[in-house]
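Reading through the structure tokens given below for one structure.
Hydrogens, waters and symmetry mates are skipped; everything else that's a heavy atom, side chains included, is used.
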Amino acid sequence: MKRLTKKVLAVALTTGFAFGAFAEEGISFNGYIRAGLEGNLDKETVDTTTFHDGYYYGHASSRLRLNLDIDKGQYGVNLRYQANKFGYTAFDKNENSIAPNTFFASENIRYAVGYAKLFDDKFIVVSGKLKDKYTSADGYDSYNLAENSGKTDVFGATFTFVPVNNLFLTAQLSTLNADKYVVGDSKVTSGKVKAGQVKFNEKILAFSAKYVDDVITVAGGYSLSGQGYGFFKYKDIENIALEAEAKYLSKDLSDKTDKDGKKTFLLKVSEKVAFQKDELEVGVLAYETLIKDKNEYEIYPFASYKVTDVVSVVLEAGIKAFEEDNKDTTYSVTPSLVFNVGKANVRAFFNYDKDAKASIGTTTKISF
């Protein structure tokens with residue numbers, strides 16, 4: 001099975017490259033590779049999988065992303081392969097080596113959907129390993145109930161109604177947070193179903209909506225399993241970007257606990273304010289993670305100045321504070337020098353982090 005998976009993926013990638021080289025109308029292939037190296041000056045270690053190169057502009061980890069899109073007007077296909085954090089990894093305390101199978105894990109297929117547009121594009125059906133094509137948030141985290149839900153196994157179908165231009169209303173049937181039969185259930189014991197099969201109940205149902213125009217974008221959705229998101233963006237102030245985003249998990253889905261150790265809901269809210277004019281961009285991204293009796297607060301100021309068409313100077317910082325008495329406030333400062341040549345981005349950075357201490361590194365991202 002493992003050999004078959006590798007062969008199938010190899011064929012898919014080869015086919016994708018062929019499409020890129022001999023593209024016909026309606027077929028596109030693109031993506032990027034991002035890699036680098038960071039040396040920790042305190043621990044005297046090297047990391048090639050994750051990087052402390054800034055929160056807002058930074059890359060965070062190595063990644064290979066490949067997108068294949070086939071758009072034939074009334075129908076099409078969208079597929080994304082994405083391998084994160086590939087590199088030289090210590091997976092045994094006595095031996096350092098490349099982590100096995102980092103390129104061939106099933107979760108690397110982020111989405112693979114087919115879609116059809118019916119009734120003059122007023123009704124759209126999407127099915128497969130889901131991508132939210134129409135009602136996803138557009139913020140920094142781009143929350144939705146599909147590929148950006150925090151889960152890697154969201155399969156199902158969506159049905160989107162477009163009653164007027166710029167308004168999208170979606171119903172979703174999927175495996176997101178769905179109940180599953182387990183060993184010991186009466187239906188499993190009797191042989192009617194297999195352990196691991198998804199239960200057909202209300203938890204597979206979700207609803208979402210989005211409205212977009214030149215002034216605002218509003219989006220939101222809720223799964224009856226207990227997960228939701230919301231987004232708002234205002235675009236009518238010159239040179240200013242204003243947006244807010246939120247994610248909700250019920251206590252049944254959240255891994256958070258209150259000060260008494262009882263499971264509790266999670267509500268994570270973010271706000272972004274940015275000013276951009278000519279070669280200068282400055283702004284701040286803030287988060288409030290609202291957990292009963294244990295709230296967390298994060299703030300990430302950022303600034304970038306384009307010195308030439310090739311060179312930019314970037315400065316980022318981060319502060320994270322906790323309401324819990326036994327957790328100390330953490331902070332980081334990350335200056336970097338960025339070089340852009342065509343579709344190549346090279347970043348040289350220094351980071352000082354209260355926990356990770358000082359490090360230096362470089363990352364390269366090549367888009368195609």
- request: Report the C-alpha separation of Lys199 and Asp185 in whole Å, then their side-chain angles, then the decisive distance to 0.1 Å, and conclude whether the side-chain contact (heavy atoms from CB on, under 4.5 Å) test is met.
  value: CA-CA 12 Å; Lys199 292 184 178 181; Asp185 284 343; 4.2 Å; yes

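Side-chain polar atoms of Ser61 and Thr50 form no donor-acceptor pair below 3.5 angstrom. Side-chain atoms of Glu296 and Tyr287 include no donor-acceptor pair closer than 3.5 Å.
Val341 and Tyr57 end up in different hydrophobic clusters when Ile, Leu, Val, Met, Phe, Trp and Tyr side chains are linked at under 4.5 Å. Grouping the Ile, Leu, Val, Met, Phe, Trp and Tyr side chains by contacts below 4.5 angstrom, directly or via other members, places Ile319 with Val284. One hydrophobic cluster holds both Val215 and Tyr211 under the rule that ILVMFWY side chains link at heavy-atom gaps under 4.5 Å. Residues Phe349 and Leu41 do not share a hydrophobic cluster, defined by chaining ILVMFWY side chains whose heavy atoms lie under 4.5 Å apart. Hydrophobic clustering keeps Leu285 apart from Val273 (ILVMFWY residues linked when any side-chain heavy atoms are closer than 4.5 Å, directly or through intermediates).
At least one side-chain heavy atom of Glu271 sits less than 4.5 Å from a side-chain heavy atom of Glu288.
Lys251 NZ: 12 or fewer foreign heavy atoms inside a 6.0 Å radius. For Lys133, the NZ atom sits in a packed shell: over 12 heavy atoms of surrounding residues, nucleotides or ligands are nearer than 6.0 Å.
If you chain together ILVMFWY residues whose side-chain heavy atoms come under 4.5 Å of each other, Tyr111 ends up in a group of its own.
Among residues two or more places apart in sequence or in another chain, the salt bridge (charged side-chain N to carboxylate O under 4.0 Å, His left out) test is passed with Asp153 by none. Tyr222 is linked by a ring pair (Phe, Tyr, Trp, His ring centres under 6.0 Å) to nothing, counting only residues two or more places apart in sequence or in another chain. Taking the side-chain hydrogen bond (donor to acceptor under 3.5 Å, both in side chains) definition, one finds that Thr264 meets it with nothing, sequence neighbours left out. Applying the salt bridge (charged side-chain N to carboxylate O under 4.0 Å, His left out) test to Glu324 and every residue at least two apart in sequence or in another chain returns Lys294, Lys327. The ring pair (Phe, Tyr, Trp, His ring centres under 6.0 Å) test applied to Tyr140 returns Tyr55, Tyr56, not counting sequence neighbours. Judged as a salt bridge (charged side-chain N to carboxylate O under 4.0 Å, His left out), and not counting sequence neighbours, the contacts of Asp138 are Lys210.
For the ring pair (Phe, Tyr, Trp, His ring centres under 6.0 Å) condition, the pairs that include at least one residue of residues 168-202, sequence neighbours left out, are Tyr134-Phe168. Applying the salt bridge (Lys or Arg N to Asp or Glu O under 4.0 Å) definition to pairs two or more places apart or across chains, those involving residues 166-181 are Asp179-Lys203. Contacts classified as side-chain hydrogen bond (donor to acceptor under 3.5 Å, both in side chains) and involving residues 33-44 (residues at least two apart or in different chains) are given here: Glu38-His52, Glu38-Ser359.
The closest donor-acceptor contact from the side chain of Asp69 to the backbone of Ile27 lies at 3.5 Å or more, if one exists at all. A donor-acceptor contact shorter than 3.5 Å links the side chain of Asn144 to the backbone of Ala146. At distances below 3.5 Å, at least one donor-acceptor pair connects side-chain atoms of Arg110 with backbone N or O atoms of Glu147.
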Output side-chain donor-acceptor pairs under 3.5 Å for residues 115-125, partner residues at least two apart or in another chain, one line each.
unit_1 : atom_1 : unit_2 : atom_2 : d
Tyr115 : OH     : Asp71  : OD1    : 3.3
Asp121 : OD1    : Gln74  : NE2    : 3.4

Identify each donor-acceptor pair in which a side-chain atom of residues 299-314 lies under 3.5 Å from a protein atom, sequence neighbours left out, and give them as a table.
unit_1 : atom_1 : unit_2 : atom_2 : d
Tyr300 : OH     : Glu298 : OE1    : 2.6
Thr308 : OG1    : Val310 : N      : 3.1
Thr308 : OG1    : Val311 : N      : 3.0

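If you take CZ on Phe159 and CD on Gln172, they are separated by 10.0 Å, rounding to the nearest 0.5 Å.
Among Leu68, Leu64, Asn67, the single residue meeting the side-chain contact (heavy atoms from CB on, under 4.5 Å) criterion with Tyr81 is Leu64.
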